[in-house]
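In what follows, a structure is listed as structure tokens, so that the remarks can point back to it.
Convention: sequence-line order gives letters A, B, ...; per-chain numbering from 1. What you are looking at is a predicted structure, and each value in this text was computed from that prediction instead of being measured.
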Protein chains: 2
Amino acid sequence: MFLEVDLSSDEPIYRQIRAQIVSAVASGELAPGDSLPSVRSLAGDLGVNMHTVNKAYAMLRDEGYVTMRGRSGAVIADITRMASPARAQEHRERLTAELARLATELKARGGTRDEFVRLATAQADAVFCPPGQGT
Amino acid sequence: MFLEVDLSSDEPIYRQIRAQIVSAVASGELAPGDSLPSVRSLAGDLGVNMHTVNKAYAMLRDEGYVTMRGRSGAVIADITRMASPARAQEHRERLTAELARLATELKARGGTRDEFVRLATAQADAVFCPPGQGT
DNA sequence: TATTTGTTATAGTACATATATAACAGATGG
DNA sequence: CCATCTGTTATATATGTACTATAACAAATA
């Protein structure tokens with residue numbers, strides 16, 4: 001499996017799992033219709049408790065990334081088409097608030113507007129246009 | 001005082017206090033040399049425990065925002081000149097990692113590179129070039 | 001020198017994280 | 001149909017963080 005957890009990290013395990021699955025969705029490594037391993041098998045592979053994985057899955061379900069269907073387990077959803085406008089707007093608001101927070105901290109440390117835009121643009125390029133992609 | 005806390009917020013009180021002081025430094029409301037209220041008086045004004053304020057002050061000291069001098073209390077530092085290169089680089093690395101995380105989540109939800117850059121630029125303008133400033 | 005400062009120590013409550021069993025309803029493959 | 005696997009829920013325990021409550025300390029200062 002493509003997942004691994006860092007027990008010594010400050011970030012809770014269930015958030016690490018969620019973040020890595022979201023990252024896989026972003027990169028296309030996981031596409032709509034793909035199945036995730038069951039909470040029990042993934043917990044076994046990672047060496048963590050079942051409930052820790054279940055918490056990550058429940059969060060992904062609440063955020064619209066996956067759907068649960070009885071025995072079929074967790075399946076990646078097409079969040080682009082399925083997403084409720086409410087969830088989409090909620091996400092944009094959180095994103096905006098986080099960007100404002102980061103900009104404020106940079107300004108407090110003597111950073112400039114252009115420096116913030118430059119760093120943000122560099123990360124946008126790194127994430128959306130990774131090297132080795134014909135985009 | 002310009003500070004207030006939201007007890008019902010998910011954000012810990014000591015982080016709220018820290019964030020608001022950093023924000024005041026960013027806006028210029030607090031300038032190098034300005035004194036902060038004592039941990040006891042601010043705790044009394046906010047209706048929280050002394051240790052909660054002390055935790056925020058200790059964090060600000062560790063980050064280089066303020067200096068402590070015995071009875072003189074907490075004084076805003078000139079972080080632009082005083083900041084150790086190590087702290088500055090550490091902050092930039094954290095900022096870069098957070099920007100990458102936000103960009104990844106937007107991409108996972110079907111957002112585009114340009115949309116991320118647009119949102120980041122808008123927040124940069126809002127924070128660095130607030131309305132009613134001759135900049 | 002008496003007071004105020006941040007700092008530290010100790011103790012208690014509340015909540016989040018993670019673990020460990022156990023049982024449940026629903027979907028599904030045989 | 002039915003045994004099985006799925007996510008889900010219910011307890012219980014342990015640990016860490018957040019917050020509160022007193023209390024005392026060294027350092028700086030008016």
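- Regarding contacts with the backbone of C:dT7, a side-chain N or O of B:N54 is found under 4.0 angstrom from either OP1 or OP2.
- Among A:R94, A:R87, A:R18, the single residue meeting the salt bridge (charged side-chain N to carboxylate O under 4.0 Å, His left out) criterion with A:E63 is A:R18.
- At the phosphate of C:dA18, neither OP1 nor OP2 sits under 4.0 Å from any side-chain N or O atom of A:K55.
- Residues A:F116 and A:L102 have side chains in contact (heavy-atom distance under 4.5 Å, counting atoms from C-beta outward).
- Put simply, B:M50 and B:V66 are part of the same group of oily side chains (I, L, V, M, F, W, Y) that touch within less than 4.5 Å, one to the next.
- Counting to the nearest Å, the P atom of C:dA18 and the CZ atom of A:R18 are 14 Å from each other.
- Among the nucleotides D:dT8, C:dT19, D:dT20, the one closest to any side-chain atom of A:I13 is C:dT19.
- Each of A:R15 and B:S38 has a nearest nucleotide on DNA chain C; the 5'-most of these lies closest to B:S38.
- Using a 4.0 Å cut-off, no side-chain N or O of A:Y14 falls inside it from OP1 or OP2 of C:dA18.
- A:M68 and A:L30 fall within a single hydrophobic cluster, where Ile, Leu, Val, Met, Phe, Trp and Tyr side chains are chained together by heavy-atom contacts under 4.5 Å.
- With rounding to whole Å, B:L42 atom CG is found 12 Å from C:dT5 atom P.
- With rounding to whole Å, B:D10 atom CG is found 16 Å from D:dC19 atom C1'.
- Atom CE in A:M59 sits about 13 Å away from atom P in D:dT8, given to the nearest Å.
- In this structure, CZ of A:R61 is placed 17 Å from P of D:dT6, rounded to the nearest angstrom.
- If you measure from atom CG of B:L46 to atom P of D:dT20, you get 10 Å, rounded to the nearest angstrom.
- As rounded to whole Å, 10 Å separates atom P of C:dT8 from atom CE of B:M68.
- Donor-acceptor pairing under 3.5 Å is lacking for the side chains of B:Q20 and B:Q16.
- Expressed to the nearest 0.5 Å, how far CG of A:N54 lies from CZ of A:R40 amounts to 9.0 Å.
- Using a 4.0 Å cut-off, some side-chain N or O of A:T52 falls inside it from OP1 or OP2 of C:dT19.
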Expected string for nucleotides 22-30 of chain D under the B/S/- scheme (protein heavy atoms, under 4.0 Å, primed atoms plus P, OP1, OP2 as sugar-phosphate) is BBB---BB-
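- Here D:dG16 presents its C1' atom at 15 Å from CG of A:L7, a figure rounded to the nearest Å.
- The pair B:R109-B:E115 fails the salt-bridge criterion, with no side-chain N (NZ, NE, NH1 or NH2) lying under 4.0 Å from an Asp/Glu carboxylate O.
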